[in-house]
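Since we're looking at a predicted model, the values are computed, not measured. Note that ligands are numbered from 1 as they come in the structure, with each ligand's atoms numbered from 1 the same way.
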Amino acid sequence: MNILHLDASSSAHDESHTRRLTAQLVDELDASDVVYHDLEERQLPHIGVSVRDAWAAEKERDAALDELAARSKQLVTELQAADTIVIGSPMYNFSVPSTLKAWIDHVAIAGQTFEYTDSGPQGLLEGKKAYLVLSSGGIYSEGPAAAKDHLDTYLRAVLNLVGITDITTIRAEGVALGPEQDKAAMQQASAKIKAL
Ligand SMILES: Cc1cc2nc3c(=O)[nH]c(=O)nc-3n(C[C@H](O)[C@H](O)[C@H](O)COP(=O)(O)O)c2cc1C
């Protein structure tokens with residue numbers, strides 16, 4: 001098993017719910033090979049003119065553009081090579097942290113991880129398994145706030161776009177609703193990982 005493991009929490013490492021849970025999950029999956037990115041530490045550039053130029057084959061090359069292009073290519077290659085993807089993401093303002101969004105913008109690229117066809121976009125990364133390890137202050141899996149969940153739904157949409165449909169979500173949610181709910185949410189998520 002080759003795992004691509006991403007963490008996007010900006011919490012201190014020993015306080016992060018998602019980091020603790022992804023570490024447990026990756027440990028239990030017992031992979032032969034793990035590529036790890038701490039996206040908070042390794043801030044990827046937003047997609048601006050220079051990154052777009054780096055992607056464009058017709059642009060005149062220089063060392064800086066080559067370096068940007070190589071970084072994007074490496075991120076795509078890692079995703080292509082993994083058979084299992086573990087994404088640890090807190091909810092920030094109903095969706096993913098911008099550090100994770102930047103990674104997505106570097107890998108969800110037409111012609112590389114999906115392609116446009118006459119019948120719509122077609123993913124090129126079929127046959128992979130993804131785990132979404134999510135945490136939020138409130139509760140979004142059910143109840144009145146469910147319609148505001150643009151974290152699980154968004155990540156699933158992006159993974160589906162590139163052809164990944166076998167997705168398991170593990171949530172530690174409601175962690176801001178008091179220490180008891182925080183502890184219960186972590187215990188529940190941890191038990192779900194053990195039971196996988
Ligand atoms: C910038 C920021 C935005 C947040 N936005 C939300 C939100 O929209 N909804 C929510 O329920 N919790 C929100 N939270 C709380 C986090 O999702 C929650 O604390 C989560 O457990 C953090 O995961 P971590 O412990 O792995 O860092 C936010 C926290 C931060 C720092």
### Query
Has Q112 got more than 12 heavy atoms of other residues, nucleotides or ligands less than 6.0 Å from its CD?
yes
### Task
Look at atom 9 (N) of ligand 1 and say which protein heavy atom is nearest, naming residue and atom and giving the distance to 0.1 Å.
Y140 OH, 2.9 Å
#### Entry: N or O pair under 3.5 Å between R19 and ligand 1
no
### Query
Judged by atom type as modelled, is there a donor-acceptor pair below 3.5 Å linking the side chain of T165 to the main-chain atoms of N160?
no
#### Entry: For ligand 1, the portion of V175 having any non-hydrogen atom under 4.0 Å away
side chain
### Message
Does either side chain, that of S10 or that of Y92, offer a donor lying less than 3.5 Å from an acceptor on the other one?
### Response
yes
### Query
Does the separation of the ring centres of H150 and F94 fall below 6.0 angstrom?
no
### Task
Measure the distance from atom 25 (O) of ligand 1 to every protein heavy atom, then report the residue, atom name and distance (to 0.1 Å) of the closest one.
H17 ND1, 2.7 Å
### Query
Is any N or O atom of G138, backbone or side chain, closer than 3.5 Å to an N or O atom of ligand 1?
yes
### Task
Could you tell me whether the side chain of H17 and the main chain of P90 form a donor-acceptor pair under 3.5 Å?
no
### Summary
The protein heavy atom nearest to atom 20 (C) of ligand 1 is S135 OG, 3.5 Å
### Query
Under 3.5 Å between some N or O of ligand 1 and some N or O of S10?
no
### Distance-only polar pair, side chains of S95 and K101, donor-acceptor under 3.5 Å
no
### Message
With heavy-atom distances below 4.0 Å as the criterion, list the atoms of ligand 1 near N93.
### Response
3 (C), 4 (C), 5 (N), 6 (C), 7 (C), 8 (O)
### Task
Using only heavy-atom distances, determine whether the side chains of R156 and T169 contain a donor-acceptor pair under 3.5 Å.
yes
### Summary
Of E173, M91, H150, the one whose closest heavy atom lies nearest atom 16 (C) of ligand 1 is M91
### Query
By number and element, which atoms of ligand 1 are closer than 4.0 Å to a non-hydrogen atom of G137?
10 (C), 11 (O), 12 (N), 15 (C), 16 (C), 17 (O), 18 (C)
### Query
Do I167 and L155 come close enough that some side-chain heavy atom pair is under 4.5 Å?
no
## Note on the structure
Closest heavy-atom approach to atom 22 (C) of ligand 1 among S9, G174, P97, P90 is made by P90
### Taking atom 31 (C) of ligand 1 as the reference point, the nearest protein heavy atom with its distance
Y92 CE2, 3.6 Å
### Query
How about Y131 and L29: do any of their side-chain heavy atoms sit closer than 4.5 Å?
yes
### Query
So, the side chain of K129 versus the backbone of V86: is there a donor-acceptor pair under 3.5 Å, distance only?
no
### Query
Polar-atom distance check: F94 versus ligand 1, any N or O pair below 3.5 Å?
yes
#### Entry: Atom indices of ligand 1, in the order listed, that fall short of 4.0 Å to a heavy atom of S11
24 (P), 25 (O), 27 (O)
### Message
Starting from atom 26 (O) of ligand 1, what is the nearest protein heavy atom, named by residue and atom, and what distance separates them?
### Response
T18 OG1, 2.5 Å
